[in-house]
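One structure is given below, encoded as structure tokens.
Being a predicted model, the structure only gives us computed values, none of them experimental.
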Amino acid sequence: MKIARVIVDVPTSQTNRLFDYTIPDKYQDVLTVGMRVIVPFGPRKIMGFVLDITSESKLNKLKNVQDVLDLTPVLTKELLDVGKWLAESTLCFYVSAFQAMLPQVLKAKYDKELWLLAEVEELSPQLESLFAGRGVIPYEEIQEHNVSYSAIQKAVKEGILEIHYQVNSKETKKTETYITNALEEMELEEKYATMPPQAKKQRQIIAFFLEHPGEIKQKELLHRLSTTRASLKPLLDKGVLQTIQREVYRDPYQDREYQPTTPFPLTEEQAAAIDPIHTSISNHTHETFLLHGVTGSGKTEVYLQSIQHVLDKGQEAIVLVPEIALTPQMVERFKGRFGSRVAVLHSALSKGEKFDEWRKVQRKEVQVVVGARSAIFAPFENLGIVIIDEEHESSYKQEDYPRYHARDVAIYRAKHHTCPVVLGSATPTLESYARAQKGVYTLLSLPKRMNNASMPQVERIDMREELHAGNRSMFSRDLFEKMEDRLQKGEQTVLFLNRRGYSTFVMCRDCGHVMECPHCDIALTYHRKSERLKCHYCSYEEAMPTECPSCESDSIRYFGTGTQKIEESLQQLLPEARIIRMDVDTTRRKGSHERLLTKFGNQEADILLGTQMIAKGLDFANVTLVGVLAADAMLHLPDFRSAEKTFQLLTQVSGRAGRHTLPGEVVIQSYTPEHYSIDLASQYDYEAFFLKEMKVRKMFQYPPYYFLTLITVSHGNHLYTMDVTQKMTQFLKEQLSEQSVVLGPSPSPLARIKDRYRYQTMIKYKNEPGLHKAMNRLFQLYEDQINQNDLQISVDFQPYQMM
DNA sequence: AGCACGCCGACT
DNA sequence: GTCGGCGTGCTC
């Protein structure tokens with residue numbers, strides 16, 4: 001007897017283990033490990049993942065697997081192992097890990113239905129009106145019709161009703177209708193001859209199939225004969241023709257043409273960098289490379305040629321790109337080189353499109369995947385290389401369950417496939433660079449730009465001096481002059497506003513009252529278009545007040561600087577400039593991101609003004625000036641990485657200027673231009689920054705010298721939250737070794753979100769083998785309170801965001 | 001999670 | 001007596 005061992009889709013600690021089911025005969029040959037099944041679980045039916053197939057079970061009474069959802073496994077053996085590892089190392093449930101590795105549409109949807117078993121005459125008037133002549137109704141209607149639950153329960157006991165649990169897969173396949181001839185040529189000719197003379201269109205259609213037998217897309221057929229389904233239908237009904245449903249992929253890139261590119265000759269530096277990668281590929285060894293290359297040094301070409309090498313060996317490649325940099329320009333480079341061998345996975349695709357791209361990988365129809373974080377789970381079985389571009393990007397760390405870092409998953413998978421990992425960046429994380437220095441990673445350097453272009457000249461402006469000189473605008477005199485100059489020369493400018501920490505908040509000028517979200521302890525953001533205040537954490541919103549709710553003064557107004565406000569003042573200062581603004585508001589609609597960039601690329605605008613999203617990957621020949629409006633905006637956030645993030649951002653933004661023949665210039669405005677992150681970024685001195693920042697990290701016991709684990713406790717009651725965190729901190733101090741530092745409890749930087757108070761405890765440690773055990777014990781200790789008291793405890797090993 | 005079971009107080 | 005509240009424990 002064959003037995004399936006299943007992880008069920010019930011994310012709780014009590015069900016986070018294998019359940020055994022017998023496999024009925026009809027599934028004996030088709031069911032394999034890694035498929036999704038439907039199994040009975042208590043009174044209901046749920047989805048589960050088959051992790052193992054054995055012949056024995058400790059229990060003697062097993063239920064049957066009820067249904068098999070897949071024809072081929074959705075998770076390979078390797079990915080099942082990755083999922084187990086992921087769940088155990090990030091402390092999440094097995095199901096959650098497996099779900100995170102698959103496209104959204106493969107998640108099961110559950111429906112409950114009420115089935116009528118008895119004759120209508122036997123029903124109580126209440127039930128009769130509930131069913132209203134139907135045999136099956138959705139369970140939710142019980143509530144809608146105000147029928148009591150006990151009445152239903154009674155009816156179920158009496159055998160009048162039955163509750164049915166339905167598992168619905170959300171996956172849909174898109175099909176297109178094709179038409180083909182159902183008859184042989186001879187019969188077709190006969191039909192043609194015997195067709196009544198008034199059936200002109202039908203004769204035309206038959207004539208078409210006599211000439212071109214075989215199948216044709218219905219749409220195309222109708223178009224070519226300029227007719228409609230009305231004249232096709234009788235032929236289908238008579239069985240002269242027939243329809244075929246063909247599955248098609250929703251290919252988001254199908255209507256685009258990509259200029260095929262060929263490998264560029266490599267510079268000496270590039271050749272030197274690619275050589276060790278090629279050796280690793282050829283020798284089939286696992287090694288992690290850190291490719292440190294300044295912006296514009298041609299990292300992408302190194303990626304492309306490494307991938308080519310992998311493809312030549314008949315292997316596959318995964319390329320990770322930060323979500324925000326997954327621009328059409330980027331996609332174009334990969335599609336241009338590898339054409340239809342590339343699948344693209346990113347969040348701008350619809351669920352269906354993502355599923356289709358994923359399936360191309362599953363069916364081995366592509367060999368290269370370019371995508372954001374979750375593309376690291378692409379179900380390749382013969383992986384030859386993993387490339388992570390912009391390795392330092394925080395978007396590689398998932399901030400909710402499972403809290404994994406794509407870099408760790410990449411290295412884990414690459415070990416399994418014994419293949420290289422390439423981490424690329426102009427500004428590597430201190431962790432990675434330190435590892436490269438220690439020899440854990442192999443450092444490869446591209447210190448020069450291609451075409452011997454020099455890095456643009458950077459000028460730092462002290463905005464305090466501007467203020468003293470009487471300039472109260474957002475633009476320094478220098479930056480303004482330079483913008484005017486570019487406008488005259490017909491060259492383009494990119495203006496970057498670091499919005500983090502500088503959003504538009506509303507304050508009363510009389511009493512200093514700031515409008516805050518009533519649920520989140522966060523200042524509300526003013527949206528000019530709707531004249532409303534919105535919370536960016538819980539989407540609470542309210543109207544802009546006309547007077548201060550605290551002192552009733554009418555001089556309440558918004559402060560801070562948003563892109564909208566800058567656009568307005570810029571338009572006033574330079575009325576003839578054509579400005580494109582790119583921020584969350586102007587790029588919300590699908591494709592608008594791309595459209596705006598194309599417009600700027602075609603030089604239909606002089607100034608591109610934007611937030612974070614324009615910092616990466618843009619490459620426009622005519623851009624000769626880059627302005628950073630508030631370089632220190634995020635320098636003072638409560639995050640030990642703020643200096644590193646500032647350095648990375650400034651370096652990246654500077655790289656947008658002068659990428660081709662025209663020389664570029666960069667103006668960095670800030671209130672603390674002497675800060676080492678701004679100073680060294682303006683000199684493009686990564687090495688010096690690394691050394692300086694390492695000293696700071698050592699002094700304050702932060703990564704990469706120490707590991708961090710952040711535990712956040714949240715609950716609706718303030719005192720209770722504090723109390724739990726306090727006790728928990730004490731517990732951890734007892735559990736962990738003396739070398740580990742346990743800090744806390746302290747209020748989280750976001751002290752309240754959605755009416756939940758948040759406290760945190762931080763653990764700093766160098767070597768703490770018992771950490772995972774201690775965490776598991778912690779969860780056991782608080783299990784009851786988590787389940788019953790709505791207490792939340794979240795653990796983040798190696799947190800990226802401190803908030 | 002979702003549900004049954006069981007115990008308790010409040011009501012026709 | 002029974003209806004409905006919620007704490008407890010189980011799901012192969």
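- Atom P of nucleotide B/dA1 and atom OH of A/Y401 are separated by 13 Å, given to the nearest angstrom.
- In this structure, CG on A/D723 lies 9.5 Å from CG on A/N717, to the nearest 0.5 angstrom.
- Rounded to a whole Å, the CZ atom of A/F41 is 13 Å from the C1' atom of C/dG9.
- Scanning residues 20-28 of chain A for heavy-atom distances under 4.0 Å to DNA chain C yields A/D20, A/Y21.
- With no hydrogens or angles considered, a side-chain donor-acceptor pair links A/S740 and A/E768 at under 3.5 Å.
- Note: CD (A/E783) to P (C/dG7) measures 17 Å, nearest angstrom.
- For A/N382 (side chain) and A/E316 (main-chain N/O), no donor-acceptor pair under 3.5 Å exists by modelled atom type.
- Between the C1' atom of C/dC12 and the CD atom of A/Q66 lies a distance of 14 Å, rounded to the nearest Å.
- The local environment of NZ in A/K773 is sparse, with at most 12 non-hydrogen atoms from other residues, nucleotides or ligands closer than 6.0 Å.
- Between A/K112 and B/dG2 there is no side-chain N or O to OP1 or OP2 distance below 4.0 Å.
- With a 6.0 Å radius and a threshold of 12 heavy atoms from other residues, nucleotides or ligands, A/F707 has its CZ atom at or below the threshold.
- Comment: A/K364 engages A/E381 in a salt bridge, judged by a side-chain N to carboxylate O separation of less than 4.0 angstrom.
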Pair A/Y782, A/F731 - check ring-ring contact (aromatic ring centres under 6.0 Å, His included), show working.
CA-CA 11 Å; A/Y782 285 98; A/F731 173 80; 7.6 Å; no
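- One atom, NZ of A/K109, and another, C1' of B/dA1, lie 17 Å apart when rounded to the nearest Å.
- Defined by atom type and a distance below 3.5 Å, a donor-acceptor pair is missing between the side-chain atoms of A/H715 and A/Q785.
- A heavy atom lying under 4.0 Å from DNA chain C marks the following residues of residues 43-60 of chain A, by number: A/L59.
- Between A/F19 atom CZ and C/dC10 atom P the separation is 12 Å, expressed in whole Å.
- Following rounding to the nearest Å, A/I7 (CD1) and B/dA1 (P) show an atom-to-atom distance of 16 Å.
- Of the inter-residue distances, the one linking A/L383 atom CG with A/I376 atom CD1 reads 7.5 Å to the nearest 0.5 angstrom.
- When rounded to the nearest whole Å, the span between CE of A/M1 and C1' of C/dC12 equals 12 Å.
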